[in-house]
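Note that this is a predicted model, so its numbers are computed, not measured.
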Amino acid sequence: MSKSIKLAKMAPEEKKNDAVSLTEQRLHQLNAIKAKGIDPYPVRFLGKRDILDIRNEYFGIKNDQTPQEDAQNVTTAGRVVAIRDMGKAQFLQIQDQSGKIQIYAGNKTLNEEDYFVLTHLDLGDIVGVKGRPFRTQKGEASIHAESLKILSKNLAPLPVVKEKEGETFDSISDIELRYRQRYIDLAVNPDTRATFQLRSAIIREIREYLYEKGFMEVETPMMQAIASGAAARPFQTHHNALDIELYLRIAPELYLKRLIVGGYEKVFELNRNFRNEGISTKHNPEFTMIEIYQAYADYNTMMDLVQDIFEMLALKLLGKTEIPYGKTASNGVEHIISLKKPWKKIEYLESIKEKTGLDFAKFLSDENPSAKEAKKMASSIGLKADTLNTFWEVVDLVFSERVEVELIQPTVVMHFPKAISPLAKSIPGNPYLVERFEPYIMGREMGNAFSELNDPLEQELRFKEQAAQQASGAEETMPTDEDFVTALKVGMPPTGGLGIGIDRLVMLLANKASIKDVILFPLLRPQK
RNA sequence: GAGAAGCUAGCUCAGUCGGUAGAGCAACUCCCUUUUAAGGAGUGGGUCCCGGGUUCGAUUCCCGGGCUUCUCACCA
């Protein structure tokens, strides 16, 4: 029964304490449990209550109550995260998805089989407990175990995390381990669990908000013969039976607008998009975006919608519209972001002029403004744009470098040049600017919206302009989708569309500096 | 794709001006039935990321490679 017996059974070569034998030691524990006739991986453990639920009922939400002496037994379960061995009794801490609680267990209340389990427990094991809630002499909320069942034996030891008064000791800081083996990160770091619970809540609240407003969620192809609807490099794949090349979608936009053509008036899709581009703290090759389309609406409708959604999420999930951001960011500067609407609105070209003195608006009427000219202007304020090939790409560089980075508080940037907005409708009476806006928070683009272009002939022209821009060396342009033009010919009502990057939204609300912190399994280079 | 930093025990980290390494926690043995970063006594544990080179000798110096992080570029 004692641990010395186990050791006596171990072959000498198993006594080594290196990395391999750590698992071997546990295998030995496992075999001892099996030899006792106990199943270390039982089929089921029913009637488990959440630890938080038990705490609230017996110890009070503020942890200021003490259970009655004759309190009923409760049943719960979780992973063993701490063992304090007192000899013939032990204190365990178990953790489930809702929280932690202490278990007090000894040979006075456990039967022989359960006591055997107790003395053969390791950190990381999952146990089921039945017992009476009570407070120890030191006041710790506990369960006095009357039965203790092993539900799953831990064979791959977890990092040991200790904490005192909220401070964590020896947590895992190896970022690679946290991303590659997220199950360990989740098992060990409460903050990681909280982040992904928040992510789930954000997505749920957005869906419910839109359902409430009469929107319908749809699913459009992720595998597309033409990857359009945005300007980005796609992933390519192959369908064997049809023997065709397919692309993973870079945006659902053109399909969603086909649905508006078909007669649905309020649709959205919240799902993955794929872009074959670099990986950074703000980019993962697969990322989640929501696109929302509403017929008989315009970009003003979308402006209200995006502010409503952000404000609603902050209030519902964080309880306030003023939220901190940046404490964990690399620069260490904390900002208080106010998501309260209405947000500040600025004009795209005007904002560049204000910040830099450069006036690009006068080039709007120019059919094919020279990139050289723009580069000259950019270099006059110290910006190098050597790798760019078109006028408006250079302008966008100036915007990102001098305007975007300063948009800490929520700001709506409006009215982009038509040349870089091939799917947006022109402002009436202004042939050069479009009814488009992008919300920015913390210097980051959080979305993109416009009054959707529904003139098929105009759309055809815009696609042609994109092709021409590509010919003149633009890095990324939007491919022509003939069938989409055909759809517009059938007739699409005036429509407003909005896209929001969900990952970045979660980063904002969860106060995370890296997109990898809000994606459960971010793409990493495979280990050799 | 470019630059910078990092990689040492299961975890968090020291360290070696070149002589094959330490701490705390974890693990193992013993004591302990209200402890809590439990405590006390003892023990073991390392391909110092990988491969070359220089050297009597490399974890350390040099070269190459791997992976990660950060910054930049592209995108959301």
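- The phosphate of B:rA76 (OP1 or OP2) has no side-chain N or O of A:Lys282 nearer than 4.0 angstrom.
- One finds a salt bridge joining A:Asp503 and A:Arg199 here, because a Lys/Arg side-chain nitrogen approaches an Asp/Glu carboxylate oxygen to under 4.0 Å.
- In summary, A:Arg233 and A:Glu277 do not engage in a salt bridge, as defined by a charged side-chain N under 4.0 Å from a carboxylate O.
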Can you tabulate the close N/O pairs, meaning under 3.5 Å, that link protein atoms to atoms of nucleotides 2-5 of chain B?
none

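- Residue whose closest nucleotide on RNA chain B sits further toward the 5' end, between A:Pro157 and A:Ser142: A:Pro157.
- Remark: A:Lys36 engages A:Glu112 in a salt bridge, criterion side-chain N to carboxylate O under 4.0 Å.
- Taking side-chain N and O atoms only, A:Arg84 has no distance below 4.0 Å to OP1 or OP2 of B:rU35.
- Taking side-chain N and O atoms only, A:Thr281 has a distance below 4.0 Å to OP1 or OP2 of B:rU71.
- Contacts of A:Asn284 with the nucleic acid, taken as non-hydrogen atoms under 4.0 Å apart, include base atoms.
- Between A:Arg180 and B:rU68 there is a side-chain N or O to OP1 or OP2 distance below 4.0 Å.
- Remark: A:Asp185 pairs with A:Arg178, A:Arg182, A:Asn189, A:Thr192 by the side chain to side chain donor-acceptor pair (under 3.5 Å) rule, at least two apart or across chains.
- Side-chain atoms of A:His415 and A:Tyr299 include a donor-acceptor pair closer than 3.5 Å.
- Scanning for side chain to side chain donor-acceptor pair (under 3.5 Å) contacts around A:Asn276 gives an empty result, with sequence neighbours left out.
- OP1 or OP2 of B:rC31 has not a single side-chain nitrogen or oxygen of A:Lys88 nearer than 4.0 Å.
- A close approach under 4.0 Å does not occur between any side-chain nitrogen or oxygen of A:Lys162 and OP1 or OP2 of B:rC11.
- Taking 4.0 angstrom as the limit, A:Lys138 places none of its side-chain polar atoms (N or O) nearer than this to OP1 or OP2 of B:rA38.
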